[in-house]
Each structure stands twice: as C-alpha cells, then as structure tokens.
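Input: a single structure, listed below in structure tokens.
Values in this document were obtained by computation on a predicted structure and should not be read as measured data. Reckoned from all heavy atoms, side chains included, excluding hydrogens, waters and symmetry mates. Chain letters run A, B, ... following the sequence lines, proteins first and then strands; every chain starts at 1.
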Amino acid sequence: MNKFFFPVIILLFSCGQPGEKQPAPTPATSVSASSTIKYAKGFRIDYYDHYKVLSLANHIAGQTDTLHYLLLPEGATAPADRAGMPVIHTPVKRLVVLSSSHVGMAGFVGVADRIIGLGSLQYISSPELRQRINAGAVKEVGLDNAINDELIVALHPSTVLTMSNPDITSGKNRTLADAGIPIMPIAEWLETTPLGRAEWVKLLAALTDREEIVNKKFDSVANEYQRLAALGAGAATHPSVIIGMPFKGSWYMPAGESYMVRLLDDAGADYHWKDSKGTGSLSLNFEMVAPVALKADYWLNLGTIDSKAAVAATDARFTQFESFRTGALYNNTLRTNDIGSNDYWESGIVNPHLILADLIRIMHPGLLPKDSLYYYKQLK
Amino acid sequence: MPGIFPKVRLAGLFLLLFLAFLLDISLGSVKIPLKEVFHILFASPSADSTWTFIVEKIRIPKALTAVLAGCGLSVSGLQMQTLFRNPLADPSVLGITAGAGLGVAMVMLAGGNMATLFAIRELGLSGSLLITIAACLGAGLVMILVLILSSRLRDNVLMLIIGIMIGSITISVTSIWQYFSSPEQVKDYLLWTFGSLGGVTGGQLLILGSVVALGLIMAWLSSKMLDALLLGENYARSMGLDPRKARMVIICSSSLLAGSITAFCGPIGFVGIAVPHITRQLFRSSDHRVLVPGCCLTGALLLLVCDTLSQLPGSSTILPINVITALAGAPVVIALLLRQKNINAY
Amino acid sequence: MTSPLIQTRALQTGYQSRDKTTVTTKGPLTLEVRRGQLVCLLGPNGAGKSTLLRTIAGLHPPLQGNVEINGRDIRLHSPIQRARTVSLVLTDKVSTHHLDVYSLVALGRYPWSSWLGGLGDIDKAAIEWAIDAADIRSFLDRKIVTLSDGEHQKVMLARALAQDTPLLMLDEPTAHLDLPSRIRLMRLLHLLARQTGKGVLLSTHELELALQVADEVWLLQDPGAFHHGAPEDLVLTGAFEAAFAHEDIRFDKQTGTFTIEHDNRRPVGFSGEGLAAQWTRRALQREGYFIVDSQAPNEPPTSIRVRVEEKSNLIKWILEIENKDQRQFDTIADLLKSLGQTSI
C-alpha cells in the first residue's frame, strides 16, 4: 500500500548518478568486524580495507535503482575510485531519523543517544529518548512535505534516515545534499520477512561501527525466531485469522507475499488469502470478507480500537463474527504509553521473535511456557 | 394542469424502483442464488447463515442507503435550483458538503493534532462514528452560518456567491492539512471523498432515515413556496410569499438532506444536479408537488442502478460510487439537455 | 367618497447608490388610488416611474414617508394580506421550463389557495374569468417559454387578474404589444375599473391612450417636478408640454398628440374644411410645410396656396403658384409630388 505513495524518486545529489557502475575492487579482509546480510534484500554492505560501501535499493516508479554511500572513518581520505560517492564519516555521532522504526533500530544498536533530530516528537515510546526530548536535546524537524531543511542543516547530523523515497532533485533535499548531509531512504518496510525487516539494524551498526555487538544480538534474535517458527509450524491446530479494521466496508487484508502473512505462517495460523499475489494489501469489499470473517477463530490488529464495546460501536455487524462471540480479539496495542504512542511500531521491528511468541501464545495456548503477552492484548 | 399522468408515471417509477432494489440486493461479489435472496427477504433466514448475513446485513442496508441518498440528494438539488433559479445549482452550492468535508479532514488529517485525536478516542468514539459526527458538526456549522447570512441578505445571487466562497475556503484549508499529513492519512481522506454507500447499518441507518425523511417532508410541504419562487422573487412577494421565511425553510431542509447524507456516505456528486433535470423532462411539469416525489423516485432509482454497477458483479473490487454516478449519469443529462431547446430556462 | 385603496404619505422614493449617497427620485408625495379609478403614471424614461411603482407595491423600501393600504401601513400587513389587496404585472421575464400557461395563471391564486396549493371551486372560477378577460384561452396548454412577448404579457395579466385583488398595478404593460392589443388592453383596464370597481395603477408610455382612459394622471418630470390631476387639466396647464419638452418635438394641445418639429419650414397658404382638409394639413406638415391660414385676416399672403374642395364625395386638391400656375390633383400624393418639384 505504501508503494503507491512514493513519488518519483531520487537522483543522487549533485554528484552521484543512479545506476553508476563502480568497478569492484578487491574486498578487504576486515575492517573492525563486518556483517553478512542473510535475510534482508534491500541493502548490502561491502567491507574494504579502510572503508565500507553501503548499497541501498531505491524504488523509482516501478523500477529499482541502487544508491551507494561511502562510509569512511573520520580523518581517512576517500579512495580515488570512489570519487563522486556521497561520504558519511564513521562512526556516526549525530543522527536525524524520521520514522518510529528507525528509533527502534537505534535502540537495538544502542545508539539512541545519538539521535538529535526527529521527524515528529508526538509518538515516542523509548523512555530514554523521551527524557532527552524533555531535556531539549532532540529537535523536531518535520515530516514529509513539512521537513525543515534549515533546521536539519543547523543540527549538523552525519546523515538523515527517511522512510519515504524523497525526490532528491526537489529543493529541500538538494539543500541538504549541498550541505554535505546525505539522505538515506530506509525501506525496511518493503521486506517480506520479519527477520529481513529486523536485519536492517546491521545498516545502523555499519554506520556506527558497532557490528560486533549487533551481530551477536541479531543472531540470538534470529535463532529464537527460528525456534519459535518450528514450534508454530508443528502445532496441532491451525486456527483461521482475519487482520485489520475495515473502513465503511472496505477491508485491506495483507496479501499472500507480505511479511504479515509470513509471520502468521510461522505462528501456525491459517490465513484464507495466503496464496494471493502481492506484497502489500488486498482491497476487498465487506461481502468478500464476510464469509471468512464470520467463521474466523481469531481477529488480530484492530487498529486503535481498545475494547469489545468499541468494536461493536464501530459496526454492529462485527458482533456476529465468531471471534467476537468467543472474545478472540487481540490487538497489538498493549504497549501504548500515556501520550498514545504504541511501542509495537517502534521496538516491534527489531523484536520479531517477541511478536511471534505473542502470536503463538494467542493461537496455541499452552504451547509456550509463559502465557503473558508482550505486544498484544485481548480486547475485553 | 395536474392530471392523471403524473400519477401513472409516479406509479411506474415506483415499480421500477422496487425492481431495481431487488436487483441490487441480488447481485454482488458473492454469488447467491436468486431463490435464496427472495427467501431471506420475505421468509425466514436461509440455511446458509453466511448468505443470510450478506443479504441482511450488507446488501439490504446498502440498498436502503442508496434509496435514502438518492431521494435526499435529488430533492436537495431541486430546491437549490428553484431557489436560485439556476439550472447548474446542486446540493453543495451553499458549502454544506464542503463543511462536512472540513470536519472529516480535521479528524483524519489534522497534521500535528494527533494528541487531541488520541484524547477523543479515549472517550470511546471509534473511527467511523467519529468521522460521521465530525462531518455532521462541520455541515451544521456551515448551515448556521448560511442561515444567519440569508436572514441579512436580500439578494439570492449574493448567497450563491457566498456559498461558493465557503466551499473554496474549506477546500483550501483541507489542502493545507493534506500537505502536512502522511501519505496514509491523505489516502484515507481521499477514499472518504470517493463516497461510499456501505457501512451505514442499524442505528446509523435509522438516524439517517429519520433525518432524510424530515428533510423530504419539509421539502414537500414547501411545494407551494417553491412554485411561487419559480416566477422570481418580485412576483413571489407580490403573491404573498415571505421571502425570508421561504429561504429559511428551503435552506434548512436542503442542508439537512445534503449534510446528513454527506456525513454518513461521504460526498456523492452528480445526483443532485442531474436528477431534477431528468425528472422535469420525465414529468414535463414544474409543479413541485409532483417534482418532489418524482425526484425522490428518480434519484433513488438512479443511485440503486449505480450501486449495482459499482459492485461489478462477480469481482471482488468495488468502484467508488462517485465515479459511477458521473460516468453513468452525465451522458443521460447531456442527451436530455440537447433535446431541450432553451437551455437557460430550467 | 370611499376611502382610498392605497395612499402614500410624504413619500420619497429612490434608492441608495453604492457610495451611500441617496438618489431621491421624487418627493415628498402624497397620492392615492381609489376604487373604480384608473391612474396612469407617465413620464420620460429615467424619471423614476418604475421605482415609484415598486415602492408603492411594497417591493422597494421608501426612503422616507410611508405607503398605506386600506388605511394601514404596508409594512404592518402580512404578506398574504398584502397579496390579497394588490396584484402586480411587472416587466420581469419568467422563463421557467415546463411551466404551462394554465399553471402560471393558477399561481395567481397563491394568497387564496390551500397550504399545499390546492385549488377549490372559487379558485377555479377566478382562473377561468381571468383567462377570458385576458383573452388567452387559445394558448392555454402551451409552455410559457414558447410564447411570444405579447402572449407572455397577456398571461402575466391573467395571473394578476386571477389573484382577484381590489387594486391592480402594472409596470409598462403595453411594452410588447401590437397596436390593436395595446388599445384592447387599455380598454380592458378601463372597463375593469368601471365595471368591477377595481383600482388600477399603471405606468406607461402610451400618452395618447392614457389621455383617453385615465381618470387621473401622475406626471413625473425629470428632474424633480411632479404633477397630478385629471389628464385634461394637465394638458391645459401646459404640464404635459413641459414634461416632454424637447427641441425636436412639440405637444399639440389641440389634438393631444406629439408632432415632430421640422426645420426650415416653408410657408404654404391653406384653405379647406372637413376631414380631407384635416388630413391634407397633416400631410403638408409631414413634408415640412408651415401652414398659414389663407382665410385669416392678418396673415401675410404666401406665394404658394393649397385649396381643398369637396363636392359630392369628390375631392380635389388645387395648387396655386403665385402668378405662375394653377394645378389640380386627385390625390394628396400627387399634390405633394408636384409641390416638391416647385421651387421658389
């Protein structure tokens, strides 16, 4: 669904050209530690003697392009054959991020204290970051069209992580490029597997020279995830599931190739549209969903709804769903704080194993030792 | 001269309407045999509870909404065309529907005001109800503004211009909010502007039905005033019409109809401007005692047909109702107007 | 003496222009219209006839003073009460599609019909009477957008008649009618006043017709002056002449008509009696000749003389040119032609 919105995209700033083919020099033996990317498909890191090259897949109107960034230690000189690539000096000490998922990633990598600019201060879950915001150490730079380039330049970050694919030729982004602040489109949401999404932490690790720690942490997450997935797949029952909250009879169900379906599969659930094509959402009318929804065992991810009464108030017809009758309504809003920020969207990205554990606990009670949920809560 | 012909045509239209209703609830994305549909409609529920659910809870409410919206929007348009003696007037001409859109935008877009939204949600008002209430408030505020202005202004043309200006202002404000919103919010708002007849069920349908019924009754009871206005305000006044009172009643009734329908279904275009013309041609009359019920039936019929078409029987997607009303209706109106020789007279 | 139907007191009409200066058309006026009276409002274009009429009808607020209907201020009457007393025929064009003639006339019953517009027997009778009075029965079923201007005018009159009010006010009702229709209309209005006792107030340009039918004339002069009274009085006092005074026209008190003034008029002596003589004078005046009465004692002799002789239904025109010629003609046209060829 998100893909539809992102307009024609970037050209690398003044110097870099898209699709520029760089001659591949001999990879180095090692620079600090290095990461190998196993699950994520949207980026690549190549380690050389004294520098790293980060390649990001960039999607422009149906075609994919690659953006390259040169990660150079402070004080080192850029190699001649990398001239023209935007440079980011590592380790990165000052970051501007525009998405909750980036905040989650930063927390995982342990560099949340290096965030000096946020797109919006409204929705933050990390207590550490909230403290720093209250102390005035983090500035709000605006989102989407309202991004304030002057503010960003004044903050002197090493880079800006965006979630959309900004048009680099447009005014504000050019200003940032000219000021030596490369913009990085982080497309972790395009990954089709939960681990693939989480693995983007390695990109941040590369920026901040923390590969060793992050690799260890990630490996333990991945292992735990695989263990749980095996449990889910081997479960005795495969209960049916519907996802999401419709608007006026228009229902958006995740498509068969999306990461959500992957998650459901790993949790041992049965999803009616699991064979459908696409990595985004299916737009279905109420009539098509009704036969499935009336009989589904579980209903997950109901938007911002907080109680059974609110579900009934939204649309009286929901009360006839099997999942409503049995009370099998679970929403991922357990970790919502006092200002309305839901941690699922922040730390959830880097904790796929916790989400999977929740789903297994919900749908296969007793399969896992503890029954308390982390992100999910039952609607009463 | 009012004679027997309007009655025959009205009866004929009513029959057609009934058939269209049946057709609308028989067709849809899920194939349900006709016999079952009739069974569910007239007798006890079908053996297949899913089918019963679909027909009773999805299709019938949608068809009823189509009937209400068709009646309400077309009569509202008729009143606006008569009041302003302008063949291009439609329910949105006073800015009521724009006001509803503004209310919805405030809830759906609203840039940095998420905290207030969260606070409202804490009160237990969920998504669609919140949107409906916001739309009602927006439409209501504009209606009050328009009523105040109409009691001060003597000239109807001025009112028309002010209504158009209100519409422009709300669109501008909405655009600003859209500019500062995330793509998802913008898309959600865009989807709202496409209009939708689904999702109005149970208590909401009852409320919509009551308000529309009230508006229609008010409109029919003011037939005499509307007829007098056809001659222009000077003649109408000389015949004993109180122009201020007339304007108040007409604006109130038209706004109730347009505002409530927009609040529950989003903005639905074209019906309000086209159906009065179609109805006048069909009945060859300018007598509002005939035109009001005539517009109701014609509008309801049109919208039911459009709703049936929008479901593209067999497929899983629904086309937005606004697209269908324009595509299906525009050629009809063009054809009718070409046959009419004097286009300026309405 | 019955009380007046409508009366103005110290009325000043006009309208506020954009920069708040008031443009006072007339005033202060104290006028009245009584039952059975036909009043004509005359005056040149731009003098404010329409504004005055509309103010009296209650469509336009007076700048000062007030208008009373049946002794009560017009503003105190409810719209329905006012509508049952005064009906209007205006110059506004009605162009509603699908509205047929009968329905439009029936709308005149607005102040009398039921709350939903239903027509009772009395209403229908009034409508039928109005249709016959205005002579529109032949095109009753037609839609009003298909009517000619004259037919339209008649229909609007019928509507006002259907409203069955004691007072009828018309703004330029003869505007689009041909001459026979104009005369018929004025005659109808005159009869209405006489026979039904209606009070009729109309503004018109038809001076000559007005002089024939009006009981009272309100004469507006641009700028400022206002005269009212019996039409004959206004002629004799020279008010008419003054109101329409213009260098190219002249109001002939004798005939009650306007004549076109010509320049450089050649004198022609004239003698003759009767109808033929009268028309010959007109023809000569049209040609630009100045008539000198040959038989008048003090008039200087003219070099050209025209004589009209009528003998047992045979008319002869004799043209005498001083010391030169005497010609005889059988038609005025020949006479004029010959005169034209004569040079002096």
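Judged by distance alone, with hydrogens and angles left aside, the side-chain atoms of C/S78 form a donor-acceptor pair with the main-chain N or O of C/Q81 at under 3.5 Å.
Remark: C/L116 CG is packed, more than 12 non-hydrogen atoms of other residues, nucleotides or ligands lying under 6.0 Å away.
Heavy-atom distances place the backbone of C/K93, and not its side chain, under 4.5 Å from chain B. Looking at C/S114, the atoms closer than 4.5 Å to chain B (heavy atoms on both sides) all sit in the backbone: N, CA, C or O. Of the two parts of C/R54, only the side chain, counted from C-beta on, holds a non-hydrogen atom closer than 4.5 Å to a non-hydrogen atom of chain B. Heavy atoms closer than 4.5 Å to chain B are found in both the backbone and the side chain of C/W115. Of the atoms belonging to C/R84, not a single heavy atom falls under 4.5 Å from chain B. Looking at C/I144, there are no atoms closer than 4.5 Å to chain B (heavy atoms on both sides), in backbone or side chain. When heavy atoms are compared at a cutoff of 4.5 Å, C/M156 approaches chain B solely by way of its side chain, counted from C-beta outward.
In the model, C/S50 has a side-chain atom that pairs as donor or acceptor with a side-chain atom of C/D171 under 3.5 Å. Remark: the B/D287 side chain and the B/S285 side chain contain no N/O donor-acceptor pair separated by less than 3.5 Å.
Scanning both residues, B/L13 and B/G294, for their nearest heavy atoms gives CD1-O, 4.1 Å.
Ion pairing between a basic and an acidic side chain is recognised when a charged N comes within 4.0 Å of a carboxylate O; B/D242 and B/R247 show no such pairing.
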